[in-house]
Structures are given as C-alpha cells and as structure tokens.
Amino acid sequence: MMNPMFKTALETAQKIRSREISAREVVQHAFDQIDARDGEIGAFLSRVDSALEQADGIDAQIARGEELGPLAGVPIALKDNLNLTGTLTTAGSKILEHYRSPYSATVVNKLLGGGVIPVGKTNMDEFAQGSSTEKSAFQLTRNPHDLSRVPGGTSGGSAAAVSAGFVPLALGTDTGGSVRQPAAFCGTLGFKPTYGRISRYGVVATASSLDQVGALARSSADLAALLDLISGHDPLDATSLEVLPQFTEALKSGVRGMRFGYIKESLGGANSSGVNAALERVRVVLEGLGATFGEISLPALEYNIAAYYIINTAEISSNLARYDGMVYSSRVQTSDFNSSMSQSRGQGFGPEVLKRILMGTYALSSGYYDAFYSKALKVRRLIANDFARAFEEFDVLVTPTSPFPAFKFGEFSSDPLAMYLADVDTVSLNLAGLPGISVPAGMELLEGSHLPIGIQFIGPVLGDERLLSVSQAFETATSSEFLGVAPRA
Ligand code: GLN
C-alpha cells in the first residue's frame with residue numbers, strides 16, 4: 001500500500017476527499033507507526049479507541065457526497081490536559097491517573113466538528129510545569145532527532161509525535177513557552193495565540209491568566225487550517241474574544257515592507273552558534289523578500305522570569321486547590337478528613353508541583369503579598385508597556401525561541417533555577433498576552449547530532465495572523481528545508 005501519510009495534513013485530507021485513500025487507512029497507518037516506534041519515543045500516554053470509528057464515519061460522509069472541512073480525516077495528537085469525553089486526562093499527574101473526562105473541551109469539539117481525528121493523548125510535564133517533559137509522573141519522552149535528549153516541554157509528547165511523523169498535527173498548551181519551546185527542540189512549527197483567541201473551556205488549568213491552547217504542525221498551511229478551525233469566541237470561556245480567524249487568508253500576504261525588530265535583551269543570551277546563525281538566516285531570507293530589520297531594547301524584560309514565576313506559582317496554588325482527593329483525583333483513604341486530604345495531595349502531586357504550590361501560597365500570603373505578588377503584577381504591566389512601545393516601531397519582534405537547542409536528560413536536574421532561566425525568551429509573551437510562533441530556521445551539529453533550532457516571531461495583541469504570513473514566507477523561500485519528519489535518530 002502506498003504511504004497514506006502524505007507530506008502535509010491538507011494533502012492527506014484532499015486525498016481522503018477524492019477517495020484515493022480512506023480516513024480509516026490513514027488512522028490505521030498512524031496507529032501502526034505509533035505501535036512500531038513509540039516504544040522508543042514515548043510521545044503518547046494513551047490511545048483514543050474511538051478513532052477508527054470516527055474515521056469510518058468520515059468515509060461514510062464522503063461516500064454520501066457530503067461537503068467536509070479542509071482537514072477532515074486527518075489524525076491529531078492531543079496533550080493530556082485537554083478533555084475528550086471518555087478518555088483518560090491525566091495532565092501528566094498521578095493525582096489524575098484514573099480521571100476520565102465526562103465532557104470535551106471546546107477546542108476538541110471543534111476538531112471533531114471539522115472531522116479531525118484525535119488518535120492519542122500525549123505526555124507532558126505534570127500540570128504543565130517544566131521545560132523538558134521530564135517532570136511527567138509517567139514516562140520520559142525522547143527527542144526524535146536524538147534519543148538521548150529531551151523533546152522540550154511541557155508539550156513534549158505533542159512535539160515529538162509531530163516530529164516523529166506519527167501525526168501531522170498536534171495541540172498543546174502554552175503558559176510560558178510550552179508549545180513554542182518543544183516545537184523548537186523537535187523541529188516543528190509551534191504557535192501560541194493572543195490571550196483569548198482560543199477557548200480554554202475544558203483545558204486543565206495551570207495558571208489561568210497565562211494559559212493558552214497552542215498548535216504544532218509541519219507546514220504553515222496546515223497550521224493555519226488548524227487555527228482557523230479551533231479559534232474564535234466561545235460562550236463557555238468568558239475570556240475568549242470575538243475575533244474571526246483568518247489564518248489561511250494570511251498565508252498569501254508575504255512580508256514585503258514588514259519591519260522586524262530583534263529584541264536586544266535576548267540577543268546576548270544565546271550561547272549557541274546554531275541559534276546565532278538562525279537569527280542571521282531569518283534576516284537574510286526575509287530581507288530578500290522585502291522586509292527590513294532593526295533592533296530595539298525592552299528593559300523591563302530583565303525581570304520577566306522573576307515576575308513569571310511569582311504569578312505562575314500564585315495561580316497554580318489557587319487552581320490546584322481543587323485536587324483534594326474528595327471530588328476530583330485519587331484519594332488516600334484514612335480515618336479522618338484532614339489527613340486524607342493532605343495525604344491525597346502529598347502523595348498525588350510530584351515534587352515540582354508541590355514546590356510551586358508552596359511558593360505560590362507564600363507569595364500570596366498577607367505578609368508577603370505586597371513584596372512579591374503585587375510587585376510581579378507591576379512588572380507584568382511594565383513588560384506589556386515595553387512591548388506596546390516596540391510595536392509602534394516594528395510589526396514583528398524576533399528572538400530565539402530558546403537560548404540553546406535540545407539538552408540531554410538530567411542536564412538541569414541539579415540546578416532547577418537554570419531550567420527556569422531557559423524560559424527567558426518565551427514567558428514575556430504570556431505575561432503580555434501576545435501571540436508568538438516558533439519557526440524551525442536552522443540545525444546545529446552538537447556531539448554528532450543535528451539538532452533543530454527555532455526562531456520566535458512575536459506579534460502585537462491580535463497580530464496572530466501576521467505571524468502565519470511570516471512563517472509561510474520563510475518556509476517557501478527556504479523550500480521547507482527545516483521542516484519535516486525527523487530523520488531516524
Ligand atoms: N517552563 C515554563 C514553566 O515551567 C512554562 C510551562 C508552560 O508553558 N506550561 O512554567
């Protein structure tokens with residue numbers, strides 16, 4: 001049989017519509033690939049059993065001559081903090097090990113409505129806290145480009161699933177970089193929207209003022225089609241915005257006349273020759289297409305990590321209070337209520353989550369609220385103001401997605417603060433609510449491995465579509481050189 005996984009999701013869907021291949025064959029192929037290779041990668045925590053049935057439904061619709069959406073029949077991977085009715089939704093935590101979703105997230109319902117087929121739930125750092133997927137309570141996920149390295153995190157399973165070629169599309173969540181950084185480490189596109197463009201209803205909350213659903217793909221057109229499907233207002237999420245998605249439309253716009261600004265504060269941080277070469281490459285390529293480049297300083301970014309980890313932990317301490325062993329989550333049964341609750345939480349959460357709950361509770365406590373939490377909110381405002389000023393001069397800002405490519409397992413285990421500092425280029429967007437995309441823009445040869453490098457493009461509030469214009473222009477000009485399935489490591 002010919003390979004049913006065509007180069008892109010859109011092409012696959014087109015062949016399904018023209019009945020060159022069935023949706024069932026495509027989904028079966030994805031399962032076969034996962035069976036054959038996910039033992040070594042570890043991208044998935046569970047399969048979606050109903051996927052083949054859903055595929056049959058789509059094949060039947062096509063047979064009846066019904067009109068279907070541009071991605072109908074395409075398999076997708078879902079991060080395990082997205083609810084899909086009847087599936088386990090663990091958020092990478094022991095405390096939700098046995099939790100089955102009684103309902104689906106709005107984004108998941110939109111996928112199903114568009115005929116996109118969830119085939120599995122992917123590994124993640126526990127409650128989306130980490131940068132390497134090593135903090136999953138269940139398993140490690142390996143980077144398809146080099147099995148001795150992390151895929152990034154916290155949406156590491158989703159990035160690995162796309163990079164390994166198991167699926168052409170995946171959803172993740174991004175609270176401080178968790179879609180963009182794993183996308184950069186695994187050589188895929190990774191998009192985080194303006195706060196409010198994609199519904200969070202049915203998404204396990206980490207830090208609600210920072211959390212957004214994001215998407216991963218191997219082509220800009222695929223990514224745009226996916227974003228067109230899942231974005232938009234949701235009456236069930238009061239923070240979602242009434243803005244119509246026009247991502248596919250934006251692919252055609254190009255970058256002629258666009259003004260790009262490197263953020264000075266992040267240029268010195270990259271200690272990787274691959275990152276520096278990629279920063280230079282995007283300039284040369286985009287200038288060749290009629291864009292201009294400059295530099296700008298955003299001084300408040302110096303405090304971004306400090307502000308982020310105060311706000312993030314404060315919101316985590318509040319959001320995770322619901323896992324009490326009573327309503328949600330696994331219970332440790334003891335003779336009295338208090339010890340049952342404290343043991344359920346003490347044993348159910350891993351060390352990183354416990355640490356963040358303690359830090360966040362401390363930052364919010366009456367004696368320290370002014371010193372920490374309220375100061376962090378002021379810094380957040382200063383960062384947003386710096387960005388607003390920068391966007392008076394530039395249309396798109398540019399940084400590395402990460403200061404370095406994928407690191408080895410355990411490399412940061414003795415220095416947790418160093419892992420937090422690795423988020424330096426991504427967290428500011430969540431603090432300011434801005435959209436960002438990580439675009440694969442180079443490879444670095446490190447100890448015998450060719451590792452992907454991602455460059456981050458940042459848009460102003462509601463400048464989401466513009467980022468797809470940039471990504472498509474760069475992809476076309478470089479003939480998709482940096483996109484695709486990872487060569488077998
Ligand atoms: N690495 C960051 C953190 O640990 C971001 C995580 C995320 O985006 N979910 O909080």
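Just so it is clear, the structure is predicted and the values come from calculations on it, not from any experiment.
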(message) Tell me the closest heavy-atom pair linking Gly42 and Thr141, and the distance in Å.
(response) O-OG1, 2.8 Å
(request) May I ask you to decide if Ala205's main-chain N or O and Asp211's side chain share a donor-acceptor pair within less than 3.5 Å? (result) no
(request) Please identify each residue that fulfils salt bridge (Lys or Arg N to Asp or Glu O under 4.0 Å) with Arg345, with sequence neighbours left out. (result) none
(request) May I ask you to establish whether Arg142 and Phe409 are in a cation-pi arrangement, using a distance under 6.0 Å from NZ or CZ to the six-membered ring centre and at most 45° from the ring axis? (result) yes
(request) For atom CZ of Arg322, decide whether the heavy atoms of other residues, nucleotides or ligands shown that lie under 6.0 angstrom number more than 12. (result) yes
(message) On a heavy-atom basis, which atom in Val275 and which in Pro403 lie closest, and how many Å separate them?
(response) CG2-O, 3.7 Å
(message) Testing the 3.5 Å rule here: is there a donor-acceptor pair between the side chains of Thr133 and Asn123?
(response) no
(request) Could you tell me whether the side chains of Arg149 and Ser449 share a donor-acceptor contact shorter than 3.5 Å? (result) no
(message) Quick one: does any side-chain atom of Ser178 pair with a main-chain N or O of Thr154 as donor and acceptor, under 3.5 Å?
(response) yes
(message) Would you say Ser240 and Asp234 are linked by a side-chain donor-acceptor pair, where the criterion is simply a distance under 3.5 Å?
(response) no
(request) Check whether the side chains of Ser131 and Gln181 place a donor and an acceptor atom closer than 3.5 Å, and report yes or no. (result) no
(message) Assess whether a salt bridge exists between Arg356 and Glu126, defined as any Lys/Arg side-chain N lying under 4.0 Å from an Asp/Glu carboxylate O.
(response) no
(message) Under 4.0 Å between a side-chain nitrogen and a carboxylate oxygen: does that hold for Lys79 and Asp174?
(response) no
(request) Quickly, which of Leu429, Val398, Ile263 forms a side-chain contact (heavy atoms from CB on, under 4.5 Å) with Gln456? Name it, please. (result) Leu429
(request) Examine Tyr103 together with Tyr201 and report whether their ring centres are nearer than 6.0 Å. (result) yes
(message) Under a 4.0 Å threshold between the charged nitrogen and the carboxylate oxygen, would Asp125 count as salt-bridged to Lys135?
(response) no
(request) Please name the pair of heavy atoms, one in Glu465 and one in Leu244, separated by the smallest distance, quoted to 0.1 Å. (result) OE2-O, 3.9 Å
(message) Side chains of Thr401 and Ser438 only: does a donor on one sit below 3.5 Å from an acceptor on the other?
(response) yes
(message) Are Phe457 and Phe474 an aromatic pair, judged by ring center distance below 6.0 Å?
(response) no
(message) Is it the case that the side chain of Asn83 and the backbone of Ser101 share a donor-acceptor pair, with hydrogens and angles ignored and the cut-off at 3.5 Å?
(response) no
(request) Report yes if the side chains of Pro405 and His145 come closer than 4.5 Å at any heavy-atom pair, otherwise no. (result) no
(message) Surrounding NZ of Lys375 (heavy atoms of other residues, nucleotides or ligands, distance under 6.0 Å), is the total greater than 12?
(response) no
(request) For Tyr303, look at atom OH and say whether over 12 heavy atoms of other residues, nucleotides or ligands are found less than 6.0 Å away. (result) no
(request) Report yes or no: does Thr426 contribute a side-chain atom to a donor-acceptor pair with the main-chain N or O of Asp423 at less than 3.5 Å? (result) yes
(message) Counting C-beta onward and ignoring hydrogens, is there a side-chain heavy-atom pair between Ile198 and Leu227 closer than 4.5 Å?
(response) yes
(request) Please work out whether the ring planes of Phe372 and Tyr368 are parallel, tilted or perpendicular, with thresholds of 30° and 60°. (result) tilted
(message) Quick one about Ser104 and Thr85 (side-chain donor to acceptor, distance below 3.5 Å, no hydrogens or angles considered), yes or no?
(response) yes
(request) Take Val167 and Val119 through the test side-chain contact (heavy atoms from CB on, under 4.5 Å) and record every step on the way to the result. (result) CA-CA 9 Å; Val167 283; Val119 293; 3.7 Å; yes
(message) What I want to check is whether the side chains of Thr175 and Asn312 have a donor and an acceptor closer together than 3.5 Å.
(response) no
(message) Tell me every residue that passes ring-ring contact (aromatic ring centres under 6.0 Å, His included) with Phe247, counting only those two or more places apart in sequence or in another chain.
(response) Phe191
(request) Heavy atoms only: give me the nearest Asp386-Leu301 pair and the separation to one decimal. (result) OD2-N, 4.4 Å
